[in-house]
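Before any comments, here is the structure.
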Amino acid sequence: MNIKRICCIGAGYVGGPTMAVIAQKCPEIQVTVVDLNEQRIKDWNDSDVGRIPIFEPGLSEIVSETRGKNLFFSTDIDEAIASADIVFISVNTPTKTYGTGKGMAADLKYIELCARQIARVSTTDKIVVEKSTLPVRTAQTIKSILDHTGNGVKFQILSNPEFLAEGSAVTDLHNPDRVLIGGDVSLEGQNAIDVLVNIYSRWVDRNKILTTNVWSSELSKLAANAFLAQRVSSINAISELCERTEASINEVSRAIGMDSRIGSNFLKASVGFGGSCFQKDILNLVYIARSYGLNEVAEYWEQVIKMNNHQKNRFSIKIVQTLYNTVSDKKIAFLGWAFKKNTNDTRESASIYVADYLLQENAKISVYDPKVNFKQILFDLEQLPSKSSERKIQNVESAIDAYTTCKDAHAVAVLTEWDEFVNLDWKRIYKNMTKPAFLFDGRGVLDKINLEQIGFKVYKIGE
Ligand code: UDX
Ligand code: UDX
């Protein structure tokens, strides 16, 4: 199969960067990214590439190099699908908010809509690639819908989960640890796998491209995220123990990380993991395990989420307790809102939960994040199931820089590990705060001794 056109449904954090890199590495293939959301497509087409909707280091440069040449963003979904040889599905699969599996299972509504749309408009054979993280055996659903079109068009379904982490998407795409492609064991399935292998092998070493059956590929993605999240919950569990003893989490983390069997990544204690994937994927794993009657397996993984909720909660409680058991009408400055540094994504960010807790205690919150605007902050708070009341939302504001946010505050809480927070003029911040000036480092990035010398009362996670 000679690939001339690729279409990707979903211009989000996964679809956008992935297609930009494919377009960059395969100049003779026309790549079109489509989305239901017209504003999002408009933003991707902004003449100022600095204003595309997703912030990722290095992404604007690639878009400026390829957009209008072989990379296109469009709302004409039918046309893009109909003319493509390969269709990537990269739409979101949020946790269900209704019915069976509510709060646990993935909502596959969008995936099914995509499959039906592909079935409806296709007149030529296509390879359909699942890029979204999906429950194991979803490919079967897609296949069943596509195979019943009755118009003789043949589809091959591949699973090609994306392992990029936000904030380092471009580097991860250029230099992946591995690319995983799952396909049918039939000859047609293997041919489809080869087509995708040939695309990735333009820039990825052939021995880093792993091919498996579809189910292994789907499950590997959920398992990888569960293992990563489990490490964060494990180190966070130890951080609480450190605070009760005289151990220091950074020392413990370093000591265990140097064991080559354990390794040093994902051992940074924090206020809790966030992001669109970890919680959703683990809940998914738990739901699948339970649906096969594997209750112990389900409980084992569920504990990773419980530990994460506990970590967010205890950080919030710590703030209230330290501020003499009341934060009512006190200004608390938040440094950071994104779920980690170098991204403008806020989904499931620990900051949302900490803010919610403090708002319920009648605190006033001022937020500064270098890449997140006020509209997004309000949106995140309004999405919470506990939904802070109108009046409480009025207690939230955002500021143009860290100094304004911290002015007159009773406490500063570092919620995202942005580099710029480390090098702030902390003396200036201290001078303008209400005394005693409390500082809660939820990311363990600040120099506690130095800050204590300035006069701050410092709490650092795991110390
Ligand atoms: C999402 C999931 O979070 C992740 O688990 C999965 O692996 C890939 O999809 P992300 O790219 O970060 O990741 O999601 P998001 O930024 O929300 O982008 C999805 C896009 O799909 C949105 O722009 C949405 O408008 C679009 N969409 C959704 C469609 O175009 N059609 C639909 O039917 C549904
Ligand atoms: C994750 C996976 O890493 C990626 O492979 C998958 O494709 C999508 O999900 P992402 O959600 O972008 O990527 O972020 P990641 O870097 O994994 O961080 C997740 C959360 O864990 C963040 O809130 C981060 O701050 C937190 N974290 C990470 C810690 O608290 N400590 C650590 O040591 C590492």
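Just so you know, residue 1 is the first one in the sequence shown, and it goes up from there. Numbering of ligands and ligand atoms starts at 1, following listing order.
- A salt bridge between Glu243 and Lys460 is absent, with no side-chain N of the basic residue lying under 4.0 Å from a carboxylate O of the acidic one.
- Not a single N or O atom of Ala269, backbone or side chain, sits closer than 3.5 Å to an N or O atom of ligand 2.
- Selection from Phe278, Phe339, Phe273 by nearest heavy atom to atom 11 (O) of ligand 2 gives Phe339.
- Below 4.0 Å from some heavy atom of Ser132 lie the following atoms of ligand 1, by number and element: 6 (C), 7 (O), 8 (C).
- Taking the centre and axis of the six-membered ring of Phe155, the NZ or CZ atom of Lys126 falls outside the cone set by 45° and 6.0 Å.
- Put simply, part of Lys221 is less than 4.0 Å from ligand 2, judged by heavy atoms.
- Glu112 and Arg116 are joined by a salt bridge, as a carboxylate oxygen and a charged side-chain nitrogen come within less than 4.0 angstrom of each other.
- Atom CG of Asp177 has 12 or fewer heavy atoms from other residues, nucleotides or ligands within 6.0 Å.
- Taking the six-membered ring where the residue is Trp, the centroids of Trp301 and Phe227 are separated by under 6.0 Å.
- Comment: Lys318 does not engage Glu240 in a salt bridge, judged by the lack of any side-chain N to carboxylate O separation of less than 4.0 angstrom.
- Among Asn92, Val14, Leu36, the residue whose heavy atom lies nearest to atom 28 (C) of ligand 1 is Asn92.
- Of the heavy atoms in Lys341, none comes closer than 4.0 Å to ligand 2.
- The closest protein non-hydrogen atom to atom 18 (O) of ligand 1 is Gly12 CA, 3.1 Å.
- A salt bridge links Asp419 and Lys341; the closest N-O separation between the charged side-chain nitrogens and carboxylate oxygens is under 4.0 Å.
- Geometrically, ligand 1 and Asn37 share no nitrogen or oxygen pair separated by less than 3.5 Å.
- Between Lys371 and Glu56 no salt bridge is recorded (no basic side-chain N to carboxylate O distance below 4.0 Å).
- Taking any N or O of Glu166, backbone or side chain, none lies under 3.5 Å from an N or O belonging to ligand 1.
- Among the atoms of Leu164, some N or O lies under 3.5 angstrom from an N or O of ligand 2.
- Residues Ser239 and Gln311 bring a donor and an acceptor atom of their side chains to less than 3.5 Å of each other.
- Remark: Glu251 CD is loosely packed, at most 12 non-hydrogen atoms of other residues, nucleotides or ligands lying under 6.0 Å away.
- Annotation for Ala84 and Thr124: closest pair O-OG1, 4.5 Å, computed over non-hydrogen atoms.
- Between Arg51 and Asp46 there is a salt bridge, since at least one side-chain N of the basic residue sits less than 4.0 Å from a carboxylate O of the acidic one.
- For a threshold of 3.5 Å applied to N or O pairs, the pair formed by Cys114 and ligand 1 contains no separation below that value.
- For atom 3 (O) of ligand 1, the closest non-hydrogen atom on the protein side is Ser276 OG, 3.6 Å.
- Any N or O atom pair closer than 3.5 Å counts here, and Asp35 shares at least one such pair with ligand 1.
- The shortest heavy-atom distance from Lys109 to ligand 1 is not under 4.0 Å.
- The nearest protein atom to atom 14 (O) of ligand 1, hydrogens excluded, is given as Arg347 NH1, 3.4 Å; this is a heavy-atom distance.
- Proximity annotation for atom 7 (O) of ligand 1: of Thr133, Ile89, Asp281, Asn225, Thr133 comes nearest, heavy atoms only.
- Residue contacts with ligand 2, taken as heavy atom pairs separated by less than 4.0 Å, involve Leu228 solely via side-chain atoms from C-beta onward.
- Of the N or O atoms in Val91, one or more lie within a sub-3.5 Å distance of an N or O in ligand 1.
- Looking at atom 21 (O) of ligand 1, its nearest protein heavy atom turns out to be Gly10 CA, 3.4 Å.
- The atoms of ligand 1 that sit less than 4.0 Å from any heavy atom of Tyr110 are 33 (O), 34 (C).
- Salt-bridge formation is detected for the pair Asp78/Arg120: a Lys NZ or Arg NE/NH1/NH2 atom is positioned less than 4.0 Å from an Asp or Glu carboxylate oxygen.
- Interatomic distance, Phe456 CZ to Phe438 CZ, rounded to the nearest 0.5 Å: 12.0 Å.
- Taking a cut-off of under 4.0 Å to the non-hydrogen atoms of Ser90, the atoms of ligand 1 that pass are 9 (O), 19 (C).
- Residue nearest to atom 15 (P) of ligand 2, selected from Lys340, Lys268, Arg231: Lys340 (by heavy-atom distance).
- Of all the heavy atoms of Glu162, none lies under 4.0 Å from any atom of ligand 1, so neither backbone nor side chain is involved.
- In terms of polar-atom proximity, defined here as any N/O pair under 3.5 Å, Cys277 makes no such contact with ligand 1.
- Annotation: the span from Phe374 atom CZ to Trp337 atom CH2 amounts to 9.5 Å, rounded to 0.5 Å.
- For atom 5 (O) of ligand 1, the closest heavy atom belonging to the protein is Lys280 NZ, 2.6 Å.
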